[in-house]
There are 2 protein chains.
Amino acid sequence: MKFEAVTIKDIAKVLGLSTSTVSRALRDSYEISEETKQLVLNYAKEINYRPNPIALSLKEKRSRSIGVIVSEIANSFFSQAINGIESIANSKGYNVIITQSLENYEREVNNMQFLSSRSIDGCLISVSTETKDFSHISDLYNKGLPIVCFDRIIDGIDTYKVIADNFQGAYDATTHLIKNGFKRIAILSNSEYLSITKERLAGYKKALEDNKIKIDESLFQQCYHGGMIYEEVEQAMNNLMQLKHRPDAIFASADKLTTNFMRYCKTKKIHIPKDIAVIGFSNLDLTDLLSPSLSVVRQPAFEMGKVAADLLIKMIESKRPITDFSNIVLPAQIFERESSVHSRTKK
Amino acid sequence: MKFEAVTIKDIAKVLGLSTSTVSRALRDSYEISEETKQLVLNYAKEINYRPNPIALSLKEKRSRSIGVIVSEIANSFFSQAINGIESIANSKGYNVIITQSLENYEREVNNMQFLSSRSIDGCLISVSTETKDFSHISDLYNKGLPIVCFDRIIDGIDTYKVIADNFQGAYDATTHLIKNGFKRIAILSNSEYLSITKERLAGYKKALEDNKIKIDESLFQQCYHGGMIYEEVEQAMNNLMQLKHRPDAIFASADKLTTNFMRYCKTKKIHIPKDIAVIGFSNLDLTDLLSPSLSVVRQPAFEMGKVAADLLIKMIESKRPITDFSNIVLPAQIFERESSVHSRTKK
DNA sequence: ATCGATGTCGGGAACGATTGCGTAAAAAAA
DNA sequence: TTTTTTTACGCAATCGTTCCCGACATCGAT
């Protein structure tokens with residue numbers, strides 16, 4: 001089953017012209033007389049002619065499609081970022097091919113391989129929690145494939161990188177908890193390999209320092225899979241709750257960490273924020289409906305997707321190699337809700 | 001900026017063979033001697049040769065990519081369905097190009113146009129709430145483009161259609177509310193054009209009939225945009241709450257209707273389930289964390305995506321036109337939680 | 001009347017891969 | 001040895017489009 005499209009040859013045959021003439025007429029070449037142009041243009045419109053993008057790709061050695069690798073599209077942050085990517089890409093005539101690593105290194109390598117074999121013009125990537133070797137990315141980058149990193153960026157390659165202000169977001173979130181009267185603030189961290197983990201941990205530490213709170217490493221808990229697996233959050237929380245000096249607040253530095261923390265509290269009948277308060281990084285759009293409503297640091301996901309796609313297409317379409325790259329940092333926004341209210345300050 | 005791939009010509013030149021021989025060697029043709037094959041194969045592996053998919057597409061008149069049109073990828077149901085679609089498509093060597101209508105008819109038409117101009121081999125579609133004219137779909141279908149409908153199916157074309165058992169899901173949900181002691185059960189419906197609206201409304205009505213409850217049309221509320229806009233849910237709920245005989249339970253027949261209903265109750269300080277109970281269609285995976293936890297009918301989204309993609313690829317690869325189509329109906333599952341517990345039955 | 005300039009258009013190669021057909025050399029059959 | 005068959009490979013067309021050349025015709029200038 002297939003459907004045959006109209007080609008330039010069909011037009012040429014019907015109008016008694018050569019394909020070259022038709023092609024030039026459609027492209028509005030100066031070499032073609034006005035009447036021939038009109039003839040071709042009218043007929044082309046009549047039979048709804050569309051140039052075959054595959055033939056064009058072969059000729060121009062570009063596919064007009066870009067690849068995207070994220071950890072999971074069901075994650076609000078990424079689905080919003082993808083919306084931003086597509087809005088820019090489509091407006092510039094590019095297809096977007098989306099793939100997910102599901103936080104799995106092998107799958108990420110496979111996706112990269114798959115995308116390059118599909119001859120994409122460029123790639124946007126936010127690496128998986130497991131990724132510590134970047135050769136699958138840098139190899140292709142060094143061969144000339146334009147790549148832009150976003151969210152979870154890497155050091156391996158020198159290119160544009162688009163991130164939220166993770167340091168400031170974490171700083172603000174932690175400061176918010178401190179100002180609300182919490183003393184022992186723990187942090188649930190993502191995989192240590194990730195840039196966002198380091199940035200957010202640094203923001204957390206700086207906020208504690210600036211408020212003269214001693215840093216206690218027993219309050220740092222890492223979840224290698226970023227909370228994808230409930231059990232690792234459970235384990236991390238068990239570690240914290242067994243401490244003789246328990247934390248009174250949690251800074252959950254990723255989306256899944258935040259929701260699985262809440263799931264943990266619900267299961268263990270731990271009351272938020274009375275027993276323990278929380279603020280987390282999250283782009284969910286129903287944090288207001290959770291019980292209690294969730295205080296969050298929200299990243300400008302849509303905007304990040306737009307900026308990243310824009311830069312990638314700029315790289316793709318640039319005549320000469322770009323060398324003066326920069327990191328684009330967009331502000332994160334903090335939303336204060338019930339989950340981070342101190343019991344004594346509650347009405 | 002571009003990166004040059006290795007072609008069959010490069011191999012031919014280096015090994016002193018013709019491109020035909022190289023091609024045949026790579027395809028393991030019987031016409032090529034064993035030693036030549038090994039020579040070519042080894043060298044191809046050495047320089048990491050990958051056939052150019054674009055050249056193949058041009059030759060074979062197929063792009064090995066399929067298009068998907070959904071209303072919104074940030075919607076849990078669709079992101080899960082897309083996961084299912086991609087798992088099948090990628091395993092069979094197909095790309096997936098995802099587009100969103102955002103419940104807008106014009107955008108859907110544009111997406112369809114865009115996809116067909118990108119010469120996809122087939123298309124999966126779940127129409128927008130606004131779509132009542134199907135010519136943008138049937139036109140392409142009649143020209144021979146394989147299309148499979150899923151979730152929100154249409155009558156306009158005779159093809160495979162994959163849906164959840166909306167009738168049974170709605171029937172079970174309504175019955176559940178009745179069994180829990182609720183007497184006046186209202187329904188929040190999606191756009192009347194949608195198949196799912198009709199099916200779910202029918203299931204709801206049948207459950208009432210089977211339980212000898214009189215059907216009251218003042219309890220039917222429609223939200224044309226499926227709850228995408230908060231205000232329409234607000235309006236619908238205001239209508240219901242102004243009734244002299246208010247409903248004591250709501251069956252929210254779509255994801256966004258459900259969450260915006262909860263948002264409405266939170267805003268208006270209406271207690272769920274004491275003042276009004278609710279069960280809704282939803283594929284969110286944090287319904288257990290909401291306040292109160294949400295009773296839902298859950299669709300097998302991932303499975304639906306897999307089945308739909310499988311059928312589409314079957315259509316694409318079929319030698320002769322398929323005529324004996326069928327509707328595939330997968331069971332929906334009901335999860336009973338706090339939001340639908342009757343106050344008198346509460347502990 | 002001849003020449004160059006200009007305006008219009010067609011021929012054909014190219015992009016990368018596949019494939020039907022032709023053919024030389026080697027092997028087998030006569 | 002001659003004829004036939006088999007083996008192993010190359011040539012060239014093809015997919016849809018673009019674009020470099022070359023080929024005319026017309027026209028003004030000399």
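The model shown is predicted, which means the values in this text are computed figures rather than measured ones. Just so we're on the same page: letters track the sequence lines, and every chain starts at 1.
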Rounded to whole Å, how long is the line connecting atom [atom1] of [X] with atom [atom2] of [N]?
X        : N      : atom1 : atom2 : answer
A:Lys9   : C:dG12 : NZ    : P     : 14 Å
A:Lys61  : D:dC19 : NZ    : P     : 15 Å
B:Arg64  : C:dG16 : CZ    : C1'   : 17 Å
A:Leu15  : C:dT8  : CG    : C1'   : 16 Å
A:Tyr49  : D:dG16 : OH    : C1'   : 7 Å
A:Glu60  : C:dA14 : CD    : P     : 18 Å
B:Arg50  : C:dA17 : CZ    : C1'   : 16 Å
B:Arg118 : D:dG16 : CZ    : C1'   : 15 Å

Looking at residues at least two apart in the chain, or sitting in another chain, which of them share a ring-ring contact (aromatic ring centres under 6.0 Å, His included) with B:Tyr43? none
Can you name the salt bridge (Lys or Arg N to Asp or Glu O under 4.0 Å) partners of [X], sequence neighbours left out?
X        : result
B:Lys37  : B:Asp28
A:Lys9   : none
B:Glu108 : none

With distance as the sole criterion, is a donor-acceptor pair present between the side chains of B:Lys314 and B:Tyr160 under 3.5 Å? yes
For the residue pair A:His136 and A:Tyr105, is the inter-centroid distance of their aromatic rings smaller than 6.0 Å? yes
A:Ser23 side-chain N/O to D:dT18 phosphate OP1/OP2 under 4.0 Å: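 For D:dT18, OP1 or OP2 has a side-chain N or O of A:Ser23 closer than 4.0 Å.
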Whether B:Thr7 contacts C:dG16 is assessed here as follows: a side-chain N or O lying under 4.0 Å from the phosphate OP1 or OP2. Is that the case? no
Could one point to a donor on the side chain of A:Ser20 or the base of C:dG11 with an acceptor on the other under 3.5 Å away? yes
Regarding A:Leu58, tell me which of base, sugar-phosphate or nothing describes its non-hydrogen contacts under 4.0 Å with the strands shown. base
Sugar-phosphate, base or nothing in reach of B:Leu17, heavy atoms under 4.0 Å: sugar-phosphate
Using heavy-atom distances to pick each residue's nearest nucleotide on DNA chain D, tell me which of A:Lys59 and B:Arg24 is more 5'. B:Arg24
What pairs with B:Pro300 under side chain to side chain contact (heavy atoms under 4.5 Å, CB included), at least two apart in sequence or on another chain?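 For B:Pro300 the side chain to side chain contact (heavy atoms under 4.5 Å, CB included) partners, ignoring immediate neighbours, are B:Ala164, B:Glu303, B:Met304, B:Leu330.
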Of all of residues 27-41 of chain A, which get a heavy atom below 4.0 angstrom from DNA chain C, listed by number?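 By residue number: A:Glu31, A:Ile32, A:Ser33, A:Thr36.
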